[in-house]
Amino acid sequence: MLHHMQPTNTFTANTIRFVPHFLALRVSWTHNSLMSEGMEQFVEEHLPQIRENNPRIKFILQRTHTECDPFVVGEYAYLRSRRKRCSWKTAHQVLSMVEEMSIGGDYRPGKKLGVNRRLPRGLELWDTETMGHDVFHVHSKWKADPKDPEAVTSMNHPNLVFRKY
């Protein structure tokens, strides 16, 4: 390929940093298939740089000899994921899909396009649930028990959410 025909965003593989709630990147393609040629080039050229810069991310590569569509799947916290079909895409188009997943979902603005960062309902503690009492306070029949300074209270709970009505 001529130098002037190369895309200008080839440096983005070095700049990709995944958001904290991103857990794994799953890449699957068919070996020696024209439909998966861009995916195979992406795995050879750009994926080593991305892996080097993101050591905490789990990378799963699935290469098959059975003809199937290539996919890039981003797995996020609490079983959330984004899937992109990469049939007949170039290596740079696949790179832009991975970059899109690295920022947490999608480039376009919208409520449902990004991956939700909030915890599932059972793991959050709302301030409206703790009005007037501490749900973590256990009353002992022995009144002289010393207070534990490390005990979790509703005010120092790590997932306390203040809700507005």
Side-chain angles (χ1 to χ4, degrees), residues 1-129 152 156-165:
M1 187 159 37
L2 297 174
H3 181 67
H4 67 279
M5 293 177 66
Q6 290 181 350
T8 58
N9 66 348
T10 55
F11 71 94
T12 55
N14 281 329
T15 62
I16 291 178
R17 301 292 184 273
F18 290 95
V19 291
H21 57 279
F22 190 90
L23 301 177
L25 182 72
R26 185 180 304 269
V27 180
S28 62
W29 74 97
T30 304
H31 174 66
N32 216 7
S33 170
L34 289 176
M35 186 172 25
S36 302
E37 187 176 1
M39 180 67 85
E40 212 158 336
Q41 287 177 354
F42 166 78
V43 168
E44 291 172 3
E45 295 172 15
H46 303 296
L47 197 61
Q49 297 168 350
I50 295 171
R51 287 178 80 165
E52 182 181 324
N53 294 330
N54 298 287
R56 69 169 186 81
I57 302 296
K58 181 179 177 184
F59 291 93
I60 304 158
L61 306 177
Q62 297 173 325
R63 188 179 74 177
T64 180
H65 292 281
T66 309
E67 191 68 34
C68 62
D69 287 352
F71 271 91
V72 172
V73 180
E75 297 175 3
Y76 298 86
Y78 303 106
L79 301 177
R80 297 172 177 140
S81 65
R82 286 286 184 262
R83 293 167 177 77
K84 295 278 189 175
R85 178 176 277 124
C86 301
S87 301
W88 305 104
K89 303 283 187 208
T90 65
H92 296 286
Q93 288 172 323
V94 176
L95 177 64
S96 70
M97 289 179 186
V98 171
E99 182 186 13
E100 190 175 304
M101 288 179 185
S102 73
I103 62 170
D106 208 331
Y107 286 128
R108 297 170 291 173
K111 217 173 186 182
K112 296 190 176 186
L113 295 175
V115 175
N116 189 1
R117 292 186 197 132
R118 280 191 58 187
L119 296 173
R121 176 62 192 102
L123 298 177
E124 285 183 345
L125 179 67
W126 292 352
D127 63 333
T128 54
E129 297 172 325
V152 176
N156 68 1
H157 191 272
N159 300 327
L160 179 66
V161 176
F162 291 98
R163 299 180 68 215
K164 289 193 238 178
Y165 285 104

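- Ser81 pairs by the side-chain hydrogen bond (donor to acceptor under 3.5 Å, both in side chains) definition with Arg83, not counting sequence neighbours.
- Counting only heavy atoms from C-beta outward, the side chains of Pro70 and Ser28 never approach each other to under 4.5 Å.
- Residues passing the side-chain hydrogen bond (donor to acceptor under 3.5 Å, both in side chains) test with Arg17, sequence neighbours excluded: none.
- Counting heavy atoms from C-beta outward, Trp88 and Gln93 have side chains that stay 4.5 Å or more apart.
- Looking at residues two or more places apart in sequence or on another chain, you find a side-chain hydrogen bond (donor to acceptor under 3.5 Å, both in side chains) between Arg26 and Glu75.
- Between the CG atom in Leu23 and the CZ atom in Arg80 there is a gap of 11.0 Å [rounded to 0.5 Å].
- Residues Ile50 and Leu95 form a side-chain contact, since some pair of their non-hydrogen atoms from C-beta on lies under 4.5 Å apart.
- Judged as a salt bridge (charged side-chain N to carboxylate O under 4.0 Å, His left out), and not counting sequence neighbours, Glu40 has no contacts.
- At a threshold of 4.5 Å between non-hydrogen side-chain atoms, the residues Thr64 and Gln62 do not count as touching.
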Go through Glu100 and Lys84 one step at a time and tell me if the salt bridge (Lys or Arg N to Asp or Glu O under 4.0 Å) criterion holds. CA-CA 10 Å; Glu100 190 175 304; Lys84 295 278 189 175; 3.0 Å; yes
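- A search for side-chain contact (heavy atoms from CB on, under 4.5 Å) contacts involving Glu45 returns Gln41, not counting sequence neighbours.
- A search for side-chain contact (heavy atoms from CB on, under 4.5 Å) contacts involving Leu119 returns Tyr78, Leu123, Glu124, Asn159, not counting sequence neighbours.
- Under the rule for a side-chain hydrogen bond (donor to acceptor under 3.5 Å, both in side chains), Glu52 has no partner lying at least two apart in sequence or in another chain.
- Put simply, the side chain of Asn53 never gets that close to the backbone of Ile16: no donor and acceptor are under 3.5 Å apart.
- What you find for Ala24 and Ile57 is that their closest heavy atoms are CA-CG2, 4.2 Å.
- The minimum heavy-atom distance between Arg56 and Phe18, with the atom names listed, is NH2-O, 3.6 Å.
- In this structure Tyr76 satisfies the ring-ring contact (aromatic ring centres under 6.0 Å, His included) test together with His21, Phe22, sequence neighbours excluded.
- To the nearest 0.5 angstrom, Arg82 atom CZ is 14.5 Å from Leu25 atom CG.
- Atom-to-atom distance recorded for Glu99:CD and Thr12:OG1 is 5.0 Å, nearest 0.5 angstrom.
- Evaluation of the salt bridge (Lys or Arg N to Asp or Glu O under 4.0 Å) test over residues 88-98, restricted to residues two or more places apart or in two chains, returns none.
- Nearest approach of Met101 to Val73, heavy atoms of both residues: SD-C, 4.2 Å.
- Considering every non-hydrogen atom in both Val72 and Cys86, the closest pair reads CG2-SG, 3.5 Å.
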Anything under 3.5 Å between a donor and an acceptor, one on a side chain of residues 32-39, the other on a protein residue two or more places apart or in another chain? List them.
| residue | atom | partner | partner atom | Å |
| --- | --- | --- | --- | --- |
| Ser33 | OG | Met35 | N | 3.3 |
| Ser33 | OG | Glu67 | OE2 | 2.9 |
| Ser36 | OG | Thr30 | N | 3.3 |

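- With sequence neighbours excluded, no residue forms a salt bridge (charged side-chain N to carboxylate O under 4.0 Å, His left out) with Arg63.
- By the side-chain contact (heavy atoms from CB on, under 4.5 Å) test, Arg51 pairs with Leu47, Phe59, Leu61, sequence neighbours left out.
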